[in-house]
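Encoded as structure tokens, the structure appears first; notes follow it.
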Amino acid sequence: MKKKISWFLVVFLIIYTVLGIINALYFVPKDTAEVTRGLANRWIIQLSDEKAWYTRINPLTIIMSWTIIIGLIVFAVRVGKNFKVIPDRRQSFAESIMDFMYEVVESVIDDPKFVRPTFAIATTLFLYISISNIIGGAMPGLNVNVVDGHVKFTLFQDTWFSPTADLNTNLTYALMVFVISHAFAIKAKGFGGWLKSWLEPMPIMLPMNIIGELAKPISHSLRLFGNIGGGAILTFILTYLVKYLFMPVFYWAYFGIFVGLVQALVFSMLAVAYISEKIS
């Protein structure tokens with residue numbers, strides 16, 4: 001098995017090196033200004049002539065989001081249908097993630113009634129955001145940007161587009177956590193108890209409590225957006241400097257895998273913390 005893995009790594013490095021040299025010699029633009037001209041631009045489609053923010057969509061956000069969602073569903077169905085007493089590697093991987101997330105949620109949520117639903121929410125967010133961050137920071141692929149008003153498709157010169165690099169995605173999930181946390185609070189305390197919590201520790205604090213609650217989804221979403229969006233831009237610039245040869249492996253591994261997984265865990269744990277705070 002080890003010999004097979006060693007041969008795979010050798011073949012991978014050879015192919016990666018050859019493609020990197022070809023890309024550096026023939027495909028990477030020689031002018032730095034040409035590289036950064038479309039950086040951080042988005043492929044936006046205006047659905048109406050009003051040009052309002054709510055009539056604009058980013059097709060890549062929708063396409064990549066549904067691709068990740070369908071992939072997770074297929075993986076879950078395959079693991080569930082072939083569930084074994086002695087787990088294989090796929091089932092062991094899924095169980096290890098579930099066990100870790102459940103233990104964390106159980107240690108934070110005091111009311112046993114809310115452990116399971118909070119676990120489902122936190123685990124779903126963690127899996128979706130992890131995959132989004134990894135494909136957007138560690139996997140070269142197809143990307144689309146806008147250069148001089150024209151849509152430009154690039155292959156293997158950038159990573160796949162990460163849905164979490166779009167603030168709309170992060171804000172949507174942050175607002176979802178905000179609504180769920182208050183719905184759980186009403187269920188745990190009753191409607192009267194929930195209203196009373198806005199006046200604690202004294203009624204004069206009501207304006208501050210409102211501002212504090214509204215700031216949660218904003219900071220929740222911006223934290224993830226800043227780390228993933230900023231990391232993608234930094235990786236793009238650094239990898240250009242070394243012509244996509246050897247160092248991109250390090251950059252993609254750091255920003256895509258390490259930082260991506262950490263940020264996914266932080267977002268999920270903040271969701272658990274917000275829910276725990278409201279029901280306690």
Side-chain angles (χ1 to χ4, degrees), residues 61-62 64-66 68-69 71-73 75-76 93-137 162-189 193-194 197-198 200 208-231 255-280:
T61 299
I62 299 173
M64 296 305 297
S65 292
W66 276 105
I68 295 169
I69 291 169
L72 285 172
I73 292 173
F75 178 80
F93 174 70
E95 288 181 357
S96 62
I97 295 176
M98 300 296 177
D99 288 341
F100 170 75
M101 294 299 295
Y102 192 86
E103 289 176 2
V104 171
V105 172
E106 193 177 32
S107 65
V108 176
I109 302 296
D110 296 328
D111 193 335
K113 292 189 300 193
F114 296 99
V115 171
R116 191 172 184 129
T118 304
F119 159 74
I121 294 165
T123 306
T124 303
L125 288 172
F126 175 74
L127 291 173
Y128 173 86
I129 296 172
S130 295
I131 296 175
S132 298
N133 294 350
I134 290 173
I135 66 172
S162 173
T164 49
D166 189 336
L167 182 58
N168 295 298
T169 302
N170 306 331
L171 186 58
T172 297
Y173 292 130
L175 289 173
M176 182 187 73
V177 171
F178 176 80
V179 172
I180 290 173
S181 64
H182 283 274
F184 283 5
I186 293 173
K187 188 175 181 180
K189 302 175 182 179
W194 173 73
S197 67
W198 290 90
E200 294 176 349
M208 295 301 296
N209 289 335
I210 293 175
I211 294 173
E213 287 300 313
L214 294 177
K216 286 180 180 177
I218 297 174
S219 63
H220 201 187
S221 58
L222 286 176
R223 179 184 289 106
L224 180 61
F225 171 71
N227 281 281
I228 302 306
F255 289 106
I257 299 175
F258 178 73
V259 174
L261 290 175
V262 168
Q263 291 304 317
L265 184 62
V266 169
F267 192 94
S268 303
M269 292 302 98
L270 283 174
V272 175
Y274 291 155
I275 293 173
S276 175
E277 177 193 2
K278 301 312 297 181
I279 65 176
S280 61

Check your understanding: For Phe225 and Ala165, which heavy atoms make the closest approach, and how far apart are they?
Key -> CE1-O, 3.1 Å
Exercise for review: Quick one: pull up CD1 in Ile279 and OG in Ser181 and give me the separation to the nearest 0.5 Å.
Suggested key: 10.0 Å
Point to revise | Donor-acceptor contact present, side-chain Ser280 to main-chain Glu277, <3.5 Å | key: yes
Practice item. Compare every heavy atom of Trp194 with every heavy atom of Ala185, then report the nearest pair and how far apart it is. Key: CB-CD1, 3.8 Å
Review point. What is the distance from atom OG1 of Thr118 to atom CD1 of Ile275, rounded to the nearest 0.5 Å?
Key: 4.5 Å
Check your understanding: Would the number of heavy atoms belonging to other residues, nucleotides or ligands and lying under 6.0 Å from CH2 of Trp66 be above 12?
Key -> no
Exercise for review: Measure centre to centre between the rings of Tyr173 and Tyr128, then say whether the value is under 6.0 Å.
Suggested key: yes
Practice item. For residues Leu270 and Arg223, report the shortest heavy-atom separation together with the two atoms involved. Key: CD1-NH1, 3.0 Å
Check your understanding: Would you say the side chain of Ile68 lies within less than 4.5 Å of the side chain of Leu127, judging by non-hydrogen atoms?
Key -> no
Point to revise | Matching residue for Asp166 among Thr169, Asn168, Asn170 - test: side-chain hydrogen bond (donor to acceptor under 3.5 Å, both in side chains) | key: Asn168
Check your understanding: Taking only residues two or more places apart in sequence or in another chain, which ones pass ring pair (Phe, Tyr, Trp, His ring centres under 6.0 Å) with Tyr274?
Key -> His220
Revision key, fill the gap. Rounded to the nearest 0.5 Å, the OG atom of Ser132 sits from the CD1 atom of Ile228 at a distance of 9.0 Å
Review point. Any donor and acceptor pair, going by atom type alone, linking the side chain of Lys189 with main-chain N or O of Lys278 inside 3.5 Å?
Key: yes
Point to revise | Residues that Thr164 engages under side-chain hydrogen bond (donor to acceptor under 3.5 Å, both in side chains), provided they are two or more places apart | key: Asn133, Ser162
Check your understanding: Which pair of heavy atoms, one from Ser65 and one from Pro163, lies closest together, and at what distance?
Key -> OG-CB, 3.4 Å
Practice item. Please examine the side chains of Ile129 and Leu224, heavy atoms only from C-beta on, and report whether any two atoms are closer than 4.5 Å. Key: yes
Under 3.5 Å, which donor-acceptor pairs do the side chains of residues 97-110 form with other protein atoms, sequence neighbours left out?
residue : atom : partner : partner atom : Å
Ser107  : OG   : Glu103  : O            : 3.3
Ser107  : OG   : Val104  : O            : 2.6

Point to revise | Nearest-0.5 Å distance that lies between atom NZ in Lys187 and atom NZ in Lys113 | key: 6.5 Å
Check your understanding: How long is the span from the CD1 atom in Ile218 to the CG atom in Leu175, to the nearest 0.5 Å?
Key -> 8.5 Å
Practice item. Could you grab the distance from atom CZ of Phe114 to atom CD1 of Ile180, nearest 0.5 Å is fine? Key: 12.0 Å
